[in-house]
Amino acid sequence: MNSDAIALDDHSHAPSGVMRWLTSTNHKDIGTLYLCFSLLMFFFAGALAMLIRAELFQPGLQLFQPAVFNQLTTMHGLIMIFGAIMPSLVGFANWQVPLMIGASDMAFPRLNNWSFWLLPAAGILLISTFFVPGGALAGGWTMYPPLFIQGGIAYDIAILAVHILGVSSIMGAINIIVTILNMRAPGMTLMKMPMFVWTWLITAFLLVAVMPVLACAITMLLADRNFGTHFFDAAGGGDPVMFQHLFWFFGHPEVYIMILPAFGIVSTIIPTFARKPLFGYVSMVYAVASIAFLSFIVWAHHMFTTGMPLGGQLFFMYTTMLIAIPTGIKVFNWVATLWRGSISFETPMLFALAFVFLFTIGGFSGLVLSLVPVDIQLQDTYYVVAHFHYVLFSGSAMAIMGGVYYWLPKWTGHLYDERLGKIHFWLTAVAFNITFFPMHFLGLAGMPRRIPDYALQFADFNRIASLGAFLLGASQLLWLYIVIKCVRGGAPAGNQPWDGADTLEWTQTSPPPYHSFVIPPLVK
Amino acid sequence: MSALPASPERSHRSLLVKLLLVVALFFAFGFALVPLYDAFCLATGLNGKTARAPSIGVGGLARQAPSSTIDRSRVVTVEFTGTVMPGLPWEMTPLTDRLDLHPGELHQARFRVHNRSNQAIVGQAIPSVSPGLAAQHFEKLDCFCFAQQTLAAGETRDLPLTFIVKPQIDPDIRTITLAYAFFIVPPPRSSTESPADPTAKTLARR
């Protein structure tokens, strides 16, 4: 029976051409689809960011009317979060989780196909809102009423799109949990799992818990808009602030959904290039779990200015500050992994080191914002914009780039161009800081976010930020070139291009066979 | 698949069912947050909604504030402001901008409302008290926001509000802002229906 199955599986019996991708149930194909989709969305939402920075290049209204500018910021946020960061991390999970735990595929391959193919539908719906009467949604990615109740047809389309994205995320998360819990190779106990798998297991539980709450909140928005209910409509006795509570009950775990797998990627890269095992593995696992738990009880720190009693402000301030402890454990463990390591600086390692450094800056500005009296000053200023780009771009996105460089030789069988990779890294890291570091100063000086025009005293820093943003955007085209070049050819990678790597995927050929680990490996 | 430990399909399925239950549970929890939020706000006044005066519906001003509870040792400033929401062609100005009062005193404030359009329009005022914690102790004995207001074309009317700031109010609160937002009440969909409006039944919550 076993040998029959192997003989059958060794032949690639998948349909070729477009049907291979449309009907694929193979975790590697679906992982590739996720990554390609998110790359496309990354460039689309990145282009919107370029337009935003072009408008903000100098004071006054140059290119866009305020209504259009609001559409740009809203769509940039929504697409980057739901279209670029989240799907790319699911793409990593699809490729890497089965390979790292020695499973033959995901637990529910057909469900996997469906969770991917919902994404293009949702993406097309979201982008199509630019072409409907009234324009794309412009109420901010947080979808706050009353603005979100008053908008045009674009808002209904966006609600549908977010519903679809939510369903896709929930299905993907369930698939990942079942794969990890049920399909590990014999001998791989939970505490022997690679860190990346641990972070995704916990992330998947977060997704299962909070995506339904987001679905609730936007269902209520839909009902308020179309069915005459008054959940959030003050005219009928509803309360718009309640939406903020519902949204951030989802929204805060959501930010950890976007960063925990990035932690996992960095925790994989650093030991490889420091040629030492990850320092404090057990404490890393517990740190991730406690971050996930704490993320459920901090949501109202996004709402300090909505009028909260002192007790509430203190509670949410202290729980928010508490998150610094498990996060600090992780940062110190990464540093301790480097200590006395035999370190080399290939491109993935450069991204991982930049992650540790820049994410920590983002974490510190988060700590500043957690202080109620400071937050009341800085709410909705560019300081917040700087903070969440330090954790989302130099955090999630740069970890994703590092992960792409790290596993690209495994996925394609070719080595990427190391020289170009390093150039891409330095361009990205420098341009990122030119773009976002001045925003701290802009925010401290009082420049509000989401406004297309600004007072004259902000002109210099905005010009610097815009120039940095254009460089940052252009650098990503180099990344696209490197990735395409690596997919099309290059020096053969061999099974294990990184000598310090010790996870299971490196025991496979590069690229791995279409059906890998048909016989589960024995983990000692 | 066959190389995996005993019947993976079955254990997959039971885990899948459990996870789907978690999803359903959190979906239900999201909706359960709505009544929870309302109950929480009603108990604490967190969202700036005033508790409904107990005398309403029985006899308007029947219940006078007992004068013995007036706290003459401190002064609280009450500020009034009014906004007209989009879609309602009215103007609203508080005739009393601010009042300095002792907690426990009975006071009246007036708002002038003017209908700029050439047709009769029904509006509903929604109050909000800030800081939210003061809402619990801001007792309205009579208020134009307890009922819908109909203004004839071009009509101007002074709308009264009678209230007490209860002496139990937190000593740290020295200024209270009472903000009204006037919303348009959409005309009933069919003319044969009684003008009962969905907003009417929610009035109890103000």
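Lettering follows sequence order; numbering is per chain, from 1.
Note that CZ of A:F231 and CG of B:D38 are 10.0 Å apart. Values are rounded to the nearest 0.5 Å. Taking CG from A:D239 and OG from B:S128, the interatomic distance works out to 8.5 Å, rounded to the nearest 0.5 Å. The distance from the NE2 atom of B:H12 to the CE atom of A:M106 is 10.0 Å, given to the nearest 0.5 Å. Taken to the nearest 0.5 Å, the CG atom of A:N182 stands 12.5 Å off from the CZ atom of B:R13. B:L20 contributes atom CG, which lies 10.5 Å from atom CE of A:M171 (distance to the nearest 0.5 angstrom). The CG atom of A:D233 sits 6.5 Å away from atom CZ of B:F183, with the distance rounded to the nearest 0.5 Å.
Under the 4.5 Å side-chain criterion, counting only non-hydrogen atoms from C-beta, A:V213 is not in contact with B:F27. Side-chain contact check for B:L19 versus A:F205: some heavy-atom pair is nearer than 4.5 Å. With a 4.5 Å cut-off on side-chain heavy atoms, B:Y37 and A:V241 count as touching. At least one side-chain heavy atom of A:M242 sits less than 4.5 Å from a side-chain heavy atom of B:V34.
Ring pair A:F249/B:F29: centre-to-centre distance below 6.0 Å.
Heavy-atom minimum distance, A:C216 versus B:G30: SG-CA, 3.5 Å.
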Pair up each side-chain donor or acceptor in residues 172-181 of chain B with any protein partner under 3.5 Å, not counting sequence neighbours, and list the distances.
residue: B:T177; atom: OG1; partner: B:E79; partner atom: OE1; Å: 3.2

(message) The test is side-chain contact (heavy atoms from CB on, under 4.5 Å); show your working for B:F26 and A:V210 and say whether it passes.
(response) CA-CA 7 Å; B:F26 271 94; A:V210 300; over 6 Å; no
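Between chain A and the options B:V22, B:L16, B:I184, B:L25, heavy-atom pairs under 4.5 Å are most frequent for B:L16. The candidate from A:V208, A:V178, A:L214, A:T229 with the greatest count of non-hydrogen atom pairs under 4.5 Å with chain B is A:V178.
In this structure, chain B has heavy atoms under 4.5 Å from both the backbone and the side chain of A:I174. Proximity to chain B (any heavy atom under 4.5 Å) is shown, for A:M211, by neither the backbone nor the side chain.
For the side chain to side chain donor-acceptor pair (under 3.5 Å) condition, no pair includes a residue of residues 165-176 of chain A, sequence neighbours left out.
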